[in-house]
Amino acid sequence: MSRFLDPAESSKPYTDPTPLPADVPKVKELGVTSAPLKSAAFFLGAYCKDYNEDFMLCKAENPDPAHCLKEGRRVTRCAQDLITKLRENCLSEFEKHWNCLENNNQYYPCRKDERVLNKCVFEKLGLVKTIPGTPEGKTPIHEVKNPIYTGVQK
Amino acid sequence: MFGAAGTLLNTSKRLQNQGKPVRHGLDAWDEMMMDRDRRLTGHKRGQAAEPYAPEEFETNSAWYTQRTA
């Protein structure tokens, strides 16, 4: 008789009763979900490095959400810019890669698609995927031809 | 018997996940991202690669009203 009614599926979805005040400049939110974001992550790091670092330093000073709104808006706009450019130039490779990532939870099975995407992004946008913290002298794991550790079995 | 039960379970799980394999090894970050995906697309496995989010996304987060204590 009484069963669990998931609030996420209700006919009146939740809306915030206290939205932002009108004097805060409006910026549209990023509409990218987890898999495309994971695919584009390193390119976001390369393209939006300055804005991301600004935001992180600002948050380190004071974690209050109201303190870093301006830097946050800049990060959002930069990410939107990059996603628009990715879609214009490398849409099919991007879609293939993030569909592969969505079906597997890890990077290893999708290295082939990733190499194709990296090549396209490098040619059209000039962005390179670098993994910070790679030990000196060793090839980064995404460029290793035959890695020792392959995919994790569920 | 085992084959039939296994196939049935696999099909059921795939149907719940929009035809994709079940996500394994989830941590708190992945749970949070899947909740965000549900807010953006309506299903926890739904994906979209648009630069701009729909209007409802900006105000449908229940995080501010959750009580954690």
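Here is the naming used below: chain letters follow the sequence lines, and residue numbers restart at 1 for every chain.
Taken together through direct or relayed side-chain contacts under 4.5 Å among Ile, Leu, Val, Met, Phe, Trp and Tyr, A:V121 and A:L44 form part of one hydrophobic cluster. One hydrophobic cluster holds both A:L125 and A:L117 under the rule that ILVMFWY side chains link at heavy-atom gaps under 4.5 Å. A continuous path of hydrophobic side-chain contacts links A:I83 to A:Y47 [ILVMFWY only; heavy atoms under 4.5 Å]. A:L101 and A:F94 are assigned to two separate hydrophobic clusters, defined by single-linkage of ILVMFWY side chains at heavy-atom distances under 4.5 Å. Cluster membership check: B:W29 shares its hydrophobic cluster with A:V32, using side-chain heavy-atom separations under 4.5 Å among Ile, Leu, Val, Met, Phe, Trp and Tyr.
Considering only heavy atoms from C-beta on, A:K26 comes within 4.5 Å of B:E58 through its side chain. A 4.5 Å side-chain heavy-atom check between B:E56 and A:P13 finds every atom pair outside the cut-off.
Between the CG atom of A:L30 and the CZ atom of B:F57 there is a distance of 8.0 Å, given to the nearest 0.5 Å. Once rounded to the nearest 0.5 Å, the distance linking CD of B:E55 with NZ of A:K28 reads 4.5 Å. Note that CE of B:M32 and OG of A:S34 are 9.5 Å apart. Values are rounded to the nearest 0.5 Å. Rounded to the nearest 0.5 Å, atoms CG (A:N104) and NE2 (B:H24) are 8.0 Å apart.
Of the listed residues (B:A53, B:P51, B:G25), the one with the most heavy-atom contacts under 4.5 Å to chain A is B:P51.
At a 4.5 Å heavy-atom cutoff, the contact between B:S61 and chain A is made by backbone atoms alone. In this structure, chain A has heavy atoms under 4.5 Å from both the backbone and the side chain of B:R45.
Shown here for B:G46 and A:T33, the closest heavy-atom pair between the two residues is O-CG2, 3.9 Å. Across B:A49 and A:W98, no two heavy atoms sit closer than the pair CB-NE1, 3.9 Å. Here the closest heavy-atom approach between residue A:L37 and residue B:R36 is recorded as CD2-NH1, 4.3 Å.
The number of heavy atoms from other shown groups lying within 6.0 Å of CZ (A:F42) is above 12. When the shell of 6.0 Å around NZ of A:K38 is examined, it contains more than 12 heavy atoms from other residues, nucleotides or ligands.
For the pairing with A:E102, the side chain to side chain donor-acceptor pair (under 3.5 Å) check across B:Q18, B:R23, B:K20 returns one residue only, B:K20.
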